[in-house]
Amino acid sequence: MKPQQRSHHMFDMCKNHMHHYVLLETTDGTTVDGIITDVDEMNVYLAIPNMESDMAYEQRFSPYGYGGGYGGGYGYGSYPPYGPRPPYGPYQPYYPGGRFRRLVLPLTALTALSVLPWF
């Protein structure tokens, strides 16, 4: 299949699966799972799960390694460290920067699309 035909085919597939949770495979073998939020003639736009770990968050927001409180992130006495984290309790999990982030992939780089279940 020619690249232009493959691009048009992937455009149609992405358009048909708009707002679905999918697994995309690229020409280099990389797989990406996410929700298709938009598609145009050149690109597909995905909302991918934000899987940033606590350590990556601490490195990004505490570049000097001090953690959230005094003493390298150990808190004061028997109290937990305080800082940019939400209070403890029956709350939703905390995702710095949101639960999803945006990823834009060119349609010409896609080779396969699979629909995934939500669970």
Side-chain angles (χ1 to χ4, degrees):
M1 187 180 291
K2 293 181 182 178
Q4 187 176 14
Q5 289 175 330
R6 186 177 69 217
S7 175
H8 183 69
H9 177 69
M10 290 309 297
F11 172 81
D12 290 339
M13 288 193 60
C14 290
K15 195 73 165 171
N16 291 335
H17 293 92
M18 184 77 77
H19 305 295
H20 289 170
Y21 187 50
V22 298
L23 180 71
L24 296 173
E25 185 174 344
T26 62
T27 54
D28 66 354
T30 303
T31 57
V32 178
D33 64 303
I35 301 166
I36 298 176
T37 58
D38 197 12
V39 64
D40 59 27
E41 295 81 22
M42 301 293 292
N43 300 308
V44 61
Y45 302 86
L46 298 169
I48 60 171
N50 190 359
M51 299 297 209
E52 183 177 40
S53 67
D54 285 341
M55 182 174 281
Y57 175 77
E58 289 294 332
Q59 289 174 350
R60 189 160 54 107
F61 288 103
S62 300
Y64 303 107
Y66 294 118
Y70 293 107
Y74 294 108
Y76 181 74
S78 62
Y79 298 104
Y82 60 90
R85 298 180 189 275
Y88 297 100
Y91 302 104
Q92 294 294 325
Y94 182 61
Y95 296 96
R99 296 184 115 171
F100 295 92
R101 57 191 168 127
R102 188 173 190 186
L103 178 67
V104 180
L105 294 172
L107 289 172
T108 55
L110 301 179
T111 58
L113 181 147
S114 303
V115 179
L116 296 176
W118 279 99
F119 54 91

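Considering only residues two or more places apart in sequence or on other chains, T111 meets the side-chain hydrogen bond (donor to acceptor under 3.5 Å, both in side chains) condition with none of them. The side-chain hydrogen bond (donor to acceptor under 3.5 Å, both in side chains) test applied to T31 returns no partner, not counting sequence neighbours. Under the ring-ring contact (aromatic ring centres under 6.0 Å, His included) criterion, F11 pairs with no residue, sequence neighbours left out. Contacts of L116 classified as side chain to side chain contact (heavy atoms under 4.5 Å, CB included), with partners at least two apart in sequence or in another chain: Y21, L23, D33.
I48 contributes atom CD1, which lies 11.0 Å from atom CG of L24 (distance to the nearest 0.5 angstrom). Distance OG1/T26 to CG/L110: 7.5 Å, rounded to 0.5 Å. To the nearest 0.5 Å, the span separating OG on S114 from CE on M13 amounts to 7.5 Å.
The only member of T108, L107, L103 that meets side chain to side chain contact (heavy atoms under 4.5 Å, CB included) when paired with L105 is L103.
Side chains of M18 and I36 form a contact here, defined as non-hydrogen atoms less than 4.5 Å apart.
Of all heavy-atom pairs spanning G34 and P49, the tightest one is CA-CD, 4.5 Å.
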Donor-acceptor pairs are to be reported for all side-chain atoms of residues 37-44 against protein atoms at under 3.5 Å, with residues two or more places apart or in another chain.
residue: T37; atom: OG1; partner: Y45; partner atom: O; Å: 3.1
residue: D40; atom: OD1; partner: M42; partner atom: N; Å: 2.9
residue: D40; atom: OD1; partner: N43; partner atom: N; Å: 2.7
residue: D40; atom: OD2; partner: Y45; partner atom: OH; Å: 2.9

